[in-house]
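Sequence lines set the chain letters: A, B, ... in the order given, protein chains first and strands last, and positions in each chain run from 1. Note: hydrogens, waters and symmetry copies are ignored here, and every other heavy atom, side chains too, is used.
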There are 2 protein chains.
Amino acid sequence: MKNAQPEKSLSAQIADAIRTAIVDGRLLVGDRLPSEAELADQHGVSRATVREALKRLAAQSLIRTERGAFGGAFVNHLSYEGARAQQVTTSTLLLGMNAISFQVACEARYALERSCTALAAERRTEALLDAMRTEIETQSAPDLSDESFCASDVAFHRALVDCAGNEVLSYHLAGSVEAMQPLMNMTTFTARSRAEIIDLHRAIVTGLERRDVASVDSALATLEAYTITLGQSVLKARATR
Amino acid sequence: MKNAQPEKSLSAQIADAIRTAIVDGRLLVGDRLPSEAELADQHGVSRATVREALKRLAAQSLIRTERGAFGGAFVNHLSYEGARAQQVTTSTLLLGMNAISFQVACEARYALERSCTALAAERRTEALLDAMRTEIETQSAPDLSDESFCASDVAFHRALVDCAGNEVLSYHLAGSVEAMQPLMNMTTFTARSRAEIIDLHRAIVTGLERRDVASVDSALATLEAYTITLGQSVLKARATR
DNA sequence: CCAAAATAATTGTCAGACATTTAAATGCCT
DNA sequence: AGGCATTTAAATGTCTGACAATTATTTTGG
């Protein structure tokens, strides 16, 4: 295995070195890196170059910097929330830049979401079911804006994946589903289609209450099919306009 | 909604401004940003500060820089590969830092992977089935190292998710599954356990050939259960040592 | 003993310089 | 006119040295 790119910038090389040290565990969460001046000495470069390297790492949330005496750069604790937020921005950008068809995105979204149904039916808690019921209430308000409806929809599905009681699964699913939300939001919702969606949400909650995996799964499948037809009719309307 | 942190560093503020411009579509893929000197003028800061901002964006693969006349910073095209690589490093770090139990990770991994079975059975191609058969051959070599066995295992599962024929789904699943690989690799494989795993891989391929969703799904479920027992026995062996 | 002030360490920012890279413009020779 | 070598200009990459701002610690004064 050869070195591939010996012509990378110094700041990138230094960032890579530190990143590797963190990933390999030579630097642990909370550890303080040497000061910028020391790092500059160690690597034989100027402080400006070290700073650019540190900014790269900060952009990935791998480190944070604190000012003042005994400040410096510290290895960050990466939280689920932080990691998810990063994943969402990356995925959202990816989908936005690659002209994904609505149907493909929709298929992926529901395929992913359905991976939690079995666990969710088994482990759902009253608290999460209540959260889902509350969102259904919200969605039923007649004068709700499209944005608010979508936001509540996201919250509903978020609660659904949390029902699986597996934080790793929640992290991946919430990130994937949320990243696709901008594509999902292409559709505008009529009162008729909202009613349809809310009915399916009710079916999901009922299925979870009864621990009936099949009915939850089929409600999600119906929701997927319905969302795709909604999307297609929106596209058709735009084409003939 | 208030501004939360008006005391963010200038380089972070400038990075945010440019990032927002990219995400909002005011800067398109391939567009060239103003030169560092121009950006410094526009924002009323020094070139060093602008450079730190640009390095932050480069770390997220949002831009790339080219040297020379008519070089500069260009908005990047985010590829599936690039996005997946970023997702894997973030997720790997997250899991490594949060002391995830083997069982929880395993459960999440297989739950996610099973989300592609229905589509995979429907759409599998001969090319991908062949790729999976080839990996099974590789895994059957008696003098294979544990690392090579794991690598082939990843390739096998990668081909499986690709069978679903949905690039968005492949992206999310491949990233999620790959991120959990380090945790999966805790286990060491005896000849006996390898044979067991290979048998299940064969069952998966056979199921896909016959477009038999249920048998693929049950093979994955068995594989999950077997992997968990393997992990537990490894833990037990370590505890009593 | 406590509070205020000085101190020191460290990051954040700036200004200017030089090195390096690269595409385009120029000039020269055939 | 056309092709090849050279020069030029625009840009990023790096270095140096300085100062500002922040903050934990130490010192000082009452």
Side-chain angles (χ1 to χ4, degrees), chain A residues 3-19 21-22 27-77, chain B residues 3-19 21-22 27-77:
Chain A
N3 243 359
Q5 289 143 342
E7 69 262 299
K8 249 201 284 194
S9 77
L10 289 178
S11 67
Q13 289 177 40
I14 293 170
D16 285 346
I18 299 174
R19 187 182 301 108
I22 295 176
L27 287 169
L28 301 178
V29 173
D31 279 1
R32 178 180 175 277
L33 275 63
S35 72
E36 296 174 353
E38 285 178 77
L39 285 172
D41 270 358
Q42 287 175 19
H43 292 89
V45 299
S46 75
R47 214 187 122 210
T49 303
V50 167
R51 280 183 62 78
E52 288 179 9
L54 294 179
K55 293 316 160 216
R56 292 174 189 267
L57 300 175
Q60 297 180 305
S61 303
L62 284 180
I63 63 169
R64 69 178 182 285
T65 54
E66 290 173 12
R67 300 181 66 171
F70 292 75
F74 297 85
V75 179
N76 248 342
H77 181 272
Chain B
N3 243 3
Q5 288 143 339
E7 70 261 301
K8 251 200 285 194
S9 76
L10 288 178
S11 68
Q13 289 177 39
I14 293 170
D16 285 346
I18 298 175
R19 186 183 301 109
I22 294 176
L27 288 169
L28 302 178
V29 172
D31 279 1
R32 179 180 173 276
L33 273 64
S35 73
E36 295 174 353
E38 284 178 80
L39 285 172
D41 270 0
Q42 286 176 20
H43 292 90
V45 300
S46 75
R47 218 188 117 207
T49 303
V50 166
R51 279 183 63 78
E52 289 179 9
L54 294 180
K55 294 316 162 213
R56 290 174 188 267
L57 300 175
Q60 297 181 305
S61 303
L62 284 180
I63 62 169
R64 69 179 181 285
T65 54
E66 291 175 11
R67 299 182 65 169
F70 291 76
F74 297 84
V75 178
N76 247 342
H77 180 272

Look only at the side chain of Asn76(B) and the backbone of Ser61(B), and say whether a donor-acceptor pair between them is shorter than 3.5 Å.
-> yes
Ile14(B) atom CD1 is separated from dG12(C) atom P, nearest whole Å, by 14 Å
Value in whole Å for how far the P atom of dT22(C) lies from CZ of Arg64(B) = 14 Å
What pair of heavy atoms forms the shortest contact from Phe70(B) to Phe74(B), and how long is it?
-> O-CZ, 4.0 Å
Over how many whole Å does the gap from Glu36(A) atom CD to dT16(D) atom P extend?
-> 15 Å
Check whether any side-chain N or O of Arg51(B) sits under 4.0 Å from OP1 or OP2 of dG13(D), and answer yes or no.
-> yes
At their closest point, which heavy atom of Ala73(A) faces which heavy atom of Ile63(A), and how far apart are they?
-> CB-CD1, 4.1 Å
Rounded to the nearest angstrom, tell me the gap between atom CD in Glu66(B) and atom P in dA10(D).
-> 18 Å
Below 3.5 Å, does any donor atom in the side chain of Arg47(A) face an acceptor in the base of dG17(D), or the other way round?
-> no
Nearest to the side chain of Leu10(A) - dC15(D), dT13(C), dT22(C)?
-> dC15(D)
For Arg32(B), answer base if it contacts any base atom (sugar-phosphate contacts may also be present), sugar-phosphate if it contacts only those atoms, and nothing otherwise; contact means non-hydrogen atoms under 4.0 Å.
-> sugar-phosphate
What is the distance from CG of Asp41(B) to P of dA10(D), rounded to the nearest Å?
-> 15 Å
Paired with Glu52(B), the side chain to side chain donor-acceptor pair (under 3.5 Å) test is passed by just one of Arg56(A), Lys55(A), Arg51(A), namely Arg51(A)
Under-4.0 Å side-chain N/O to phosphate OP1/OP2 contact, Lys8(B) with dG12(C) = no
OP1, OP2 of dG13(D) versus side-chain N and O of Thr65(B): anything below 4.0 Å?
-> yes
Quick note, Phe70(A) side chain, CB onward, closest among dT11(C), dG13(D), dT25(D) is dT25(D)
Quiz item: Arg67(A) side-chain donor-acceptor pair to dT23(D) base, under 3.5 Å = no
Which one, dT10(C), dG13(D), dA10(D), comes nearest to the side chain of Lys55(B)?
-> dG13(D)
Nearest of dA10(D), dT16(D), dT14(D) to any side-chain atom of Ala69(B)?
-> dA10(D)
Length of the line joining Phe74(A):CZ and dT23(D):C1', which is rounded to integer Å = 12 Å
Taking only side-chain nitrogens and oxygens of Thr49(B), does any of them come within less than 4.0 Å of OP1 or OP2 of dC14(C)?
-> yes
Rounded to the Å, how far apart are Arg56(B) CZ and dG12(C) C1'?
-> 11 Å
Between Leu54(A) (CG) and dG12(C) (C1'), how many Å, whole number?
-> 12 Å
Minimal heavy-atom distance between Ala53(A) and Ile14(A), with the atoms involved, is CB-CG2, 3.8 Å
